[in-house]
K.L.:
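If you scroll down you'll find the structure; I have some questions about it.
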Amino acid sequence: MLETYEELQRKAEIRQARIYLDSYSKARVAGKSELEAQSIANNDLTRAGLRKLDGKVVGHINQRDREVWEMENQLRQQLKIEMSAEELEQIELLEEHERAWANKGKRLK
């Protein structure tokens, strides 16, 4: 399963690089400056639903999404209040495990 995930990630990175380089090259051939070409290439990545190479995250959040997330957070808080001590302990263990995995991934990069 890990191999499948890594293969999908590799294909996405290849696709990202191909889109970026194609757009950048076309813009430079068309006489655009380096900065303009980078912007055009990053815009094409955004249109393709991929992360931009300049490191900036593009998010499309509307009012409805914010309201839904707020309702979900309120429900989570209410459910936590109603949980038993054993259930809370299990949630805490799960969160600790997820943090450990996230930190392990950061160290490997």
K.L.:
At their closest point, which heavy atom of A41 faces which heavy atom of Y24, and how far apart are they?
P.N.:
CB-N, 3.9 Å
K.L.:
Can you list the other members of the hydrophobic cluster that holds I91, where links are side-chain heavy atoms under 4.5 angstrom apart?
P.N.:
M83, L88
K.L.:
Give, for atom CG of L21 and atom CD of Q16, the distance between the pair rounded to the nearest 0.5 Å.
P.N.:
10.0 Å
K.L.:
What's the separation between atom CD1 in I40 and atom OG in S25, rounded to the nearest 0.5 Å?
P.N.:
12.0 Å
K.L.:
Tell me, do L93 and Q90 make a side-chain contact under 4.5 Å, heavy atoms counted?
P.N.:
yes
K.L.:
Mind checking the CG-CZ spacing from N42 to R47? Nearest 0.5 Å is all I need.
P.N.:
11.0 Å
K.L.:
According to side chain to side chain donor-acceptor pair (under 3.5 Å), who are the partners of S23, at least two apart in sequence or on a separate chain?
P.N.:
D44
K.L.:
Once salt bridge (charged side-chain N to carboxylate O under 4.0 Å, His left out) is applied, what residue pairs with a partner in residues 78-87 remain, sequence neighbours excluded?
P.N.:
K80-E95
K.L.:
Under 4.0 Å between a side-chain nitrogen and a carboxylate oxygen: does that hold for R10 and E13?
P.N.:
no
K.L.:
Using the salt bridge (charged side-chain N to carboxylate O under 4.0 Å, His left out) rule, collect all pairs that involve residues 15-36, keeping only residues at least two apart or in two chains.
P.N.:
none
K.L.:
Enumerate, atom names and distances included, each donor-acceptor pair closer than 3.5 Å involving a side-chain atom of residues 67-76, sequence neighbours excluded.
P.N.:
residue	atom	partner	partner atom	Å
E67	OE2	Q63	NE2	3.2
E70	OE2	Q74	NE2	3.3
N73	OD1	R76	NH1	2.8
N73	ND2	W69	O	3.3

K.L.:
Quick one: side chain to side chain donor-acceptor pair (under 3.5 Å) partners of R64, sequence neighbours excluded?
P.N.:
none
